[in-house]
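Scroll down for the structure; my scribbles are underneath it.
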Amino acid sequence: MHYKDETFKDQRLELHGKSFNNCTFENCELVFDGDRPPTFKDNKFIDSVFVFTGHATRTLYLLSNIYHAGEGGKDVIEK
């Protein structure tokens, strides 16, 4: 599903495979489950947060562990 020039306010949005172009997110929870990633272009985020669930949570844990693993881990993640 593709959204263009829309405003989302006070919502919890499942991002799975969706596309957002020139949208505004105000006070929203943007939920990513690690499956099909969303695409974003020219959007505005106001007091909104990303929430990671399922496989996305595991990926974040892995990236965090690499970042804090020792010499060179931080550089790998930041690149």
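Hydrogens, waters and symmetry mates are skipped; everything else that's a heavy atom, side chains included, is used. Model, not experiment: these values are computed from the prediction.
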**Q.** salt bridge (charged side-chain N to carboxylate O under 4.0 Å, His left out) contacts in which one or both residues fall within residues 37-64, not counting sequence neighbours
**A.** none
**Q.** Contact list for residues 20-37, test salt bridge (charged side-chain N to carboxylate O under 4.0 Å, His left out), sequence neighbours left out
**A.** R12-E29
Q. Taking C-beta and beyond as the side chain, do L15 and V31 meet within less than 4.5 Å on heavy atoms?
A. no
Return the set of residues passing side-chain contact (heavy atoms from CB on, under 4.5 Å) with [X] (not counting sequence neighbours), or none when no residue passes.
X: E71; answer: none
X: T59; answer: L63
X: H68; answer: S64
X: L60; answer: F52

**Q.** ILVMFWY cluster, L13 and V49 together (side-chain gap under 4.5 Å)
**A.** no
Q. Among the clusters formed by ILVMFWY side chains lying less than 4.5 Å apart, do V51 and F8 turn up in the same one?
A. no
Q. Which word best sums up how the rings of F50 and F45 line up, parallel for under 30°, tilted for 30 to 60°, or perpendicular for over 60°?
A. tilted
Q: Name the orientation class of the two ring planes belonging to F20 and Y3 (parallel below 30°, tilted from 30 to 60°, perpendicular beyond 60°).
A: parallel
Q.
A quick test of your reading: do over 12 heavy atoms of other residues, nucleotides or ligands sit less than 6.0 Å from NE2 of H16?
A. yes
Q: Would you give the length of the straight line joining atom CG of N27 to atom CD1 of I46, rounded to the nearest 0.5 angstrom?
A: 10.0 Å
Q: Nearest 0.5 Å please: distance from the CD atom of Q11 over to the OG atom of S48.
A: 10.0 Å
Q: Could you list the residues that satisfy side chain to side chain donor-acceptor pair (under 3.5 Å) with T39, not counting sequence neighbours?
A: S19
**Q.** Results of side chain to side chain donor-acceptor pair (under 3.5 Å) for D5 - residues two or more places apart only
**A.** N22
Q: Identify the heavy atoms of L30 and F25 that sit nearest to each other, and give their distance.
A: CD2-CD2, 3.6 Å
**Q.** Heavy-atom closest contact (K4 atom, H2 atom, distance)
**A.** CB-NE2, 3.9 Å
**Q.** For F32, all residues meeting ring-ring contact (aromatic ring centres under 6.0 Å, His included), sequence neighbours excluded
**A.** none
Q: List for me each residue that meets ring-ring contact (aromatic ring centres under 6.0 Å, His included) alongside Y61, sequence neighbours excluded, and say none if there are none.
A: none
